[in-house]
2 protein chains.
Amino acid sequence: MELTDRKKRILRAIVETYIATAEPVGSKAVAELSGLDVSTATIRNEMADLTELGYLEQPHTSAGRIPSPAGYRLYVNELMDRQQLTIQETQRINEALNLKMEELDRVIDRAGKVLSQLSDYPVFTMSAVKERVTVKRFDLLMVEENAFIAVVMTDNSVVKNKLIHLPDQLSDTQLQLLSAVLNNSFVGLTREEMEQALDKMEAHTAPAAFQLISLVVEFAIEVLEDQSQQKIRTAGITHLLEHPEYKSLDKAKPLMNYLSEEDGATSLPVKLDEGQNMNILIGPENVSEALKDTSVIMASYDIGDNMRGVIGVVGPTRMDYAKVTARLSYFADSLTRMFGKELPPGGKPEE
Amino acid sequence: MELTDRKKRILRAIVETYIATAEPVGSKAVAELSGLDVSTATIRNEMADLTELGYLEQPHTSAGRIPSPAGYRLYVNELMDRQQLTIQETQRINEALNLKMEELDRVIDRAGKVLSQLSDYPVFTMSAVKERVTVKRFDLLMVEENAFIAVVMTDNSVVKNKLIHLPDQLSDTQLQLLSAVLNNSFVGLTREEMEQALDKMEAHTAPAAFQLISLVVEFAIEVLEDQSQQKIRTAGITHLLEHPEYKSLDKAKPLMNYLSEEDGATSLPVKLDEGQNMNILIGPENVSEALKDTSVIMASYDIGDNMRGVIGVVGPTRMDYAKVTARLSYFADSLTRMFGKELPPGGKPEE
DNA sequence: CTTAGCACTCCACTTCCCTGAGTGCTAAAG
DNA sequence: CTTTAGCACTCAGGGAAGTGGAGTGCTAAG
């Protein structure tokens, strides 16, 4: 059954006041704020209906109402105004992103921090993943007789290096030979394939040579592992403490721990279906126990080469959805615009 | 004036019980715990003396006593037992450090985390600095016609690379030429010297070539900057919340913010005089306002090549100094042993 | 269907009191 | 001169009781 327009306006007024004040909303407040020209008694009747329908909750008999998760859901789906960003905010974002166009990771880290400041909530970022990452080429650079630098470049254009010390001396020719072996046998392989190839090679290779090869290949494997790992970082956890629902430490502590422990954050619900680029999880919709009273808003950004990342905001269910989604989507779009292919026209902040 | 032995035992008992319980200590508790066979009245007299001398404080008339900063100072200087680590703990530390002997930064990061878990306090780490860092050599690797990898190796054996895209195509010969210029003119220079050399070169070099050179040199400058910067990281800030002095959020928030904002942490009092390898700052001895009710224990570790880092623990003045110093010094020693030259015999965990 | 009125509920806050741990002082004992 | 016992005093913390007020649900009238 569809709600009447008046019920919607009442629900909306309740959600928004509750978001702003964090306190149960009574019929009087609704009468004033909803813009409806009816008495509090009428409002009370409507509120009783809405409670009946499961959109509102009552902490105790004589308190006002607060939105239920279903109420929030309805709000974000239908009722919410899409907020605009101020010019200062867009500037701030742009500065944060443009800043020297450093490495991807660092830009995203910084993006997380700024977003956290703008939204007053903690933010998590997940750097992009690709299904199949392989090594594109190996380079070896002699440094001293017993040390060289191994440079590994992956097919998503990440370059990593490592200084490798050797027990024995090594000639230039040997190094070139090594380079040839590596580039012939280990290019284009994924991590697992490399491990297999290495195992197979062990049988018919001289131990000394094999040791040398595996030194470099193991480094390459590490690099690939690192690439395919979903690295989740969080920023601005302390913002939690600013919100009244985390005034009691007993409430704040578990969530803060969950977010600050890497392991915890790893299980963040960073599923984002293909095509969809913004997702809101309200309270109990979260799988993880620690997030039961928490909402998560996340957006994805596209990076070239099949890569995709997620950036998201964590806050109490009474989170300012309108404000956060506006900022978040602008961020995600900016990241996409910055790293990825062209954005289809229309994907601008003014949604 | 020297304190009598009995006064010292009483002070010590008070400090230790207060550390354990976080509550003012009364004469009765002292009588039982100090091991002295005297009445509470005698203890009271002594405690009155100690208060007079400034070693103890009284939150209000009829509460027990708590140690003053001077009392803590005396405790850490003279009274404190040097704690031993359990075997499990040393194992834990060793695992954390050995783990794959990754990059310096990561090892230290991880060390910070484990230390924070072991001590239940937040930990900060500062990576090492060297006075004069220069580039030891440049290497350039062609990737495509319009892109190459620049590899920069500094004299403290740090290797960084960057993928550089070009507007135009570049031949192998040109690349070799570029490499020669770089290795001839910019090796052995510090950041500032490089900037000067680059300026001077601009006058008598073809614009196209100069642009190419400066692309790489600017990257090298970034690398050096990065090296000479004191990078401070913190770990385990949420541990603060476990301690009763930060039960009220008003207390916890400023300190947490101070620690989690990079800028704030930068001003941490990481001075450590040469030769000294453990330092304790108690409450008001800290310069920064946010640390006034906070103690900082820090230890330095040596890394080869004139480099030195600091790792430290932040906690309430009522922090378990004995426990923390034991763990901290073992950590610092392990880091030194791992990266640096041999430790002089005797620098073992047992003080 | 809307509204005014009214009795009722219950949280949040204040006030008050009380308890108990701890103190300082004094006077006696060693 | 030091130690001890005794005692009156202080004060934070916690519970009990009381109160105000916001909000509700119901009823009856417009």
Side-chain angles (χ1 to χ4, degrees), chain A residues 1 3-11 13-15 17-18 20-68 71 244-245 247-248 251, chain B residues 1 3-11 13-15 17-18 20-68 71 244-245 247-248 251:
Chain A
M1 155 210 153
L3 292 180
T4 65
D5 191 53
R6 192 169 69 187
K7 281 202 173 54
K8 283 187 187 169
R9 289 183 65 174
I10 290 174
L11 177 57
I14 292 176
V15 172
T17 358
Y18 184 63
T21 62
E23 275 174 15
V25 186
S27 48
K28 199 165 129 229
V30 176
E32 285 163 14
L33 293 164
S34 67
L36 293 167
D37 202 15
V38 291
S39 77
T40 60
T42 314
I43 304 275
R44 277 205 290 283
N45 287 331
E46 295 284 48
M47 281 162 76
D49 284 357
L50 286 168
T51 312
E52 186 82 11
L53 291 165
Y55 293 116
L56 294 178
E57 282 171 359
Q58 221 170 352
H60 55 86
T61 350
S62 77
R65 303 299 213 286
I66 63 173
S68 73
E245 22 273 286
K247 208 151 199 176
S248 120
K251 305 278 175 74
Chain B
M1 156 211 152
L3 293 181
T4 65
D5 191 52
R6 191 169 69 184
K7 281 202 173 55
K8 282 187 187 167
R9 290 183 63 175
I10 290 174
L11 177 56
I14 292 176
V15 173
T17 15
Y18 184 63
T21 63
E23 275 175 15
V25 187
S27 47
K28 198 165 130 227
V30 176
E32 283 163 15
L33 294 163
S34 67
L36 294 168
D37 203 13
V38 290
S39 77
T40 60
T42 315
I43 305 273
R44 276 205 292 283
N45 288 331
E46 296 282 49
M47 281 163 75
D49 284 358
L50 285 168
T51 312
E52 186 82 11
L53 291 166
Y55 293 116
L56 295 178
E57 281 171 359
Q58 221 170 353
H60 56 85
T61 347
S62 76
R65 304 296 212 288
I66 62 172
S68 73
E245 22 274 286
K247 208 152 199 175
S248 118
K251 305 276 173 77

Covered region of DNA chain D, 5' end to 3' end, by chain B [heavy atoms, under 4.0 Å]
D:dT3 to D:dA12
Looking at A:Lys8, I'd like to know if its NZ atom is crowded, meaning that more than 12 non-hydrogen atoms belonging to other residues, nucleotides or ligands lie closer than 6.0 Å.
yes
Please give, in whole Å, the distance from C:dT3 P to A:Lys28 NZ?
17 Å
Please examine the side chains of A:Ile43 and A:Glu46, heavy atoms only from C-beta on, and report whether any two atoms are closer than 4.5 Å.
no
Measuring only between side-chain heavy atoms, which start at C-beta, is A:Ile10 closer than 4.5 Å to A:Leu50?
yes
Evaluate whether atom CD of B:Glu23 has more than 12 neighbouring non-hydrogen atoms of other residues, nucleotides or ligands under 6.0 angstrom away.
no
Could you tell me the separation between the CD1 atom of A:Ile66 and the CD atom of A:Glu57, rounded to the nearest 0.5 Å?
5.5 Å
Residues touching DNA chain D, which here means a heavy atom under 4.0 Å, drawn from residues 34-45 of chain B:
B:Val38, B:Ser39, B:Ala41, B:Thr42, B:Arg44, B:Asn45
When you check every protein heavy atom under 4.0 Å of nucleotides 9-14 of chain C, what one-letter string (B, S, -) results, 5' to 3'?
BBS---
Could you work out, with side chain to side chain contact (heavy atoms under 4.5 Å, CB included) as the rule, every residue matching B:Ala22, not counting sequence neighbours?
B:Pro244, B:Glu245, B:Arg318
Between the CG atom in B:Leu11 and the CE atom in B:Met47, the distance rounded to the nearest 0.5 Å is 10.5 Å
Value for CG (A:Leu33) from CZ (A:Arg9), rounded to nearest 0.5 Å, stands at 12.0 Å
By side-chain hydrogen bond (donor to acceptor under 3.5 Å, both in side chains), B:Thr51 pairs with (sequence neighbours left out) B:Arg65
Note: for B:Glu46 and A:Gln58 on DNA chain D, the residue whose nearest nucleotide lies more 5' is B:Glu46
My understanding is that only residues two or more places apart in sequence, or in another chain, count here; which of them pass side chain to side chain contact (heavy atoms under 4.5 Å, CB included) with A:Thr42?
A:Arg6, A:Val38, A:Ser39
